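Beneath this line is the structure, given in structure tokens, with notes to follow.
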2 protein chains.
Amino acid sequence: MTTIKDIAKAAGVSVTTVSRALNGYSDVNEKTRQKIIEISKELKYSPNTLARSLVMNKSKTIGLLISGLNRGSIKDNFTFEVLVGLNQYVGETDYDLVIFSTTSSKQREKTYSELCRERRVDGVIISGIRTDDPYLREVVDSEIPCVLIDIPIQSDSVGYVTTDNVQGVKKGVQHLIELGHRNIAMVNGHEYAFVSRQRLEGYYQAIEGAGIPINPKWVTNGDFEEKKAEEQALELLSTYPEISAILCASDLMAMGVIKAAKQLGKKVPEELSIVGYDDIILAEHITPALTTIAQDKVQMGFEAAKLLINMLENDNEPHTITLPTELKIRETTSTLRK
Amino acid sequence: MTTIKDIAKAAGVSVTTVSRALNGYSDVNEKTRQKIIEISKELKYSPNTLARSLVMNKSKTIGLLISGLNRGSIKDNFTFEVLVGLNQYVGETDYDLVIFSTTSSKQREKTYSELCRERRVDGVIISGIRTDDPYLREVVDSEIPCVLIDIPIQSDSVGYVTTDNVQGVKKGVQHLIELGHRNIAMVNGHEYAFVSRQRLEGYYQAIEGAGIPINPKWVTNGDFEEKKAEEQALELLSTYPEISAILCASDLMAMGVIKAAKQLGKKVPEELSIVGYDDIILAEHITPALTTIAQDKVQMGFEAAKLLINMLENDNEPHTITLPTELKIRETTSTLRK
DNA sequence: CTGAAAGCGCTAACAT
DNA sequence: ATGTTAGCGCTTTCAG
């Protein structure tokens, strides 16, 4: 494996000059540079980024702490789309992404900062972490630049990108209200997700905004799981048959709710309108196609990478980005049938 | 940032001893070791893997060369599932995955080996590459251990994991034949994919095995694209209305074919039976649910990682794994209607 | 414009 | 059982 030493020898110069020539410094004779470049090509030289990182104390590497890289996250490919966005932006830079595997048994034997420091990543992107995850506290305390996805925390070294969850749900609920619904329930995620709190807030705002009294019993948690949501909906709809519409905090849960409706012999959307959240691939392909609040997951990844690299290179002030959502009206919502 | 030097100073020993103590060497007094470990905790020491990699000449890092990390690959989440499998296995080891972003404009300015050597990866996993990709030749020539997904090439340093594509398609076609079909067309991928060649072979074997004459005109390429497959099917079905069944080399293409059938007013499966390949998430959720040849993509990723790390650590001989497929009979195939 | 020398943090002979 | 020394490949003062 060729090193700058080899090149120096071949060119009859010092390693210093080789280093400077290859890195485009100005204070090197253009002829010398050309010669060095030529020789380095002949010798098929590639710089050793490890050595460079060691001395420069930065690795041009971004760590990925992503919980959704497991079998359970395949159906809703939120994680993948974020990854695509990250990759898209990072691909245009000289950074690389390293995946910290946190699925394993050994996962919690290393603290967050150990993980980062060992690999000497310049920054980190975190997605799919719960608010009660011990790593989260560490992130805030740590000096390492970090961008969170869907967790609105910020400091000098941490920023975030998220979508406007309050507005999102509001749009969904208002759509139902416009269709004449007043008995609107909600199947939310769980209390350890920031987005769930925000989506609940959106629900309240929309309901109250329409002068409809809030019934806390009509709000339940489905843990973002299809099965759990199905069970919750089953109970909800049996106990309160007057419910005519349900807003779900994820499309997967909406699919569970559709199953519940089917079991109870309630036709969707004639007897029960359903709104999902996310706009996963499945949403438009199931029957009936799911009305949902779409968020651009690829964009989220893209912006997260952009934000982090900006923080790394320039240190711009506002480290936060909130993306809009879009209501996609499809076939699971219709006017209230008396 | 604490280094072993700091620890050495604090413990009153040499850096060598610290290094040995921390790395579990036997030739160090147990008391000294305990003291060193304690101090290293107090000082919140994390080893610098960069420095270690540099001197050991291995990085405990696996490079990922994956073409399907872009918007176009979201619908069929083949890539993601492979990634999940990779992550699952790698997570149990002390390796990390680094994603080489090849989506970018700068992508082809670096050769394969430059990419690998710069980051000093110990091995590489490649997926989604075409047979005419210049990287492929480099892989074979290169010394760097590599596992290919779905490309049956092997040497001392390269292995592969794939599924039994011949058998897979054979099962699909035989299923159609058992249903009474004889006029069976095929929408294949493209000539730059090994799997396409193999799947075509499976088609031939099954057709000939049943004593049905082969009609080359009934085999067409859809480039693994939904839209392209739709167009091809449209032409095929218009020109040869006697075709009663189509085997597709991917589920996405099968969805295109379904659209084509719809346009021509052909009912699926009553008037046209369709078999897909892959068993993507969508397959069982669309209406009618797609009969397809399933491959376990997560498993593929898992085995690929396992294989590579085995090659890295032990150098076992046979570097190849072929996984089985499974025919999933759903709603797009039925007995031939006269 | 170029070179000598130091050092990034770590491991690995080779003593002792 | 422990320390000394050298060196991995690179960048970066500091001199010249």
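Just so we're on the same page: letters track the sequence lines, and every chain starts at 1. Model, not experiment: these values are computed from the prediction.
- Every residue two or more places apart in sequence or in another chain was checked for a salt bridge (charged side-chain N to carboxylate O under 4.0 Å, His left out) with B:R120, and none qualifies.
- Contact check, B:S14 against D:dG3: a side-chain N or O comes under 4.0 Å of OP1 or OP2.
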* Might you work through the side-chain contact (heavy atoms from CB on, under 4.5 Å) test for A:L323 and A:Q295, ending with a clear yes or no? => CA-CA 8 Å; A:L323 265 18; A:Q295 45 181 343; over 6 Å; no
* **salt bridge (Lys or Arg N to Asp or Glu O under 4.0 Å) evaluation trace for B:R119 with B:D96** => CA-CA 12 Å; B:R119 282 284 176 190; B:D96 276 323; over 6 Å; no
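- Surrounding CD of B:E143 are at most 12 heavy atoms belonging to other residues, nucleotides or ligands under 6.0 Å away.
- The main-chain N or O of A:S59 is found under 3.5 Å from a side-chain atom of A:D122 such that the two form a donor-acceptor pair.
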Which donor-acceptor pairs under 3.5 Å do side chains of residues 144-151 of chain A form with protein atoms, sequence neighbours excluded?
{"residue": "A:D150", "atom": "OD1", "partner": "A:T162", "partner atom": "OG1", "Å": "2.7"}

* **Annotated protein contacts, base or backbone, on nucleotides 9-16 of chain C with a non-hydrogen cut-off under 4.0 Å, one of B, S, - each** => BSBBB---
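- Within the 4.5 Å cutoff, side-chain heavy atoms of B:S19 are placed close to those of B:N23.
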* To do: Before giving the answer on side-chain contact (heavy atoms from CB on, under 4.5 Å), spell out for B:L54 and A:N48 the whole-Å C-alpha distance, their side-chain angles and the decisive distance to 0.1 Å.
  => CA-CA 9 Å; B:L54 182 60; A:N48 185 334; 3.8 Å; yes
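- Contacts between residues 29-40 of chain A and DNA chain D, defined by a heavy-atom separation under 4.0 Å, are absent.
- The NZ-P distance, from A:K9 to C:dA4, rounds to 13 Å in whole Å.
- Annotation for B:K60: atom NZ counts as buried by contact number, over 12 foreign heavy atoms lying within 6.0 Å.
- B:A21 is linked by a side chain to side chain contact (heavy atoms under 4.5 Å, CB included) to B:V28, B:R33, B:I36, counting only residues two or more places apart in sequence or in another chain.
- Taking atom NZ on B:K58 and atom P on D:dG9, their separation rounds to 16 Å, with Å as the unit.
- Between the axis at the start and the axis at the end of the helix from C:dC1-D:dG16 to C:dT16-D:dA1 there is an angle of 40°, using five pairs per end and rounding to 10 degrees.
- Between A:D27 atom CG and D:dT13 atom C1' the separation is 12 Å, expressed in whole Å.
- Ring orientation note: the planes of A:F80 and B:F80 are tilted relative to one another, at an angle of 30° to 60°.
- One interatomic measurement links the two molecules: CZ of B:R119 to C1' of D:dG9, which rounds to 15 Å at whole-angstrom precision.
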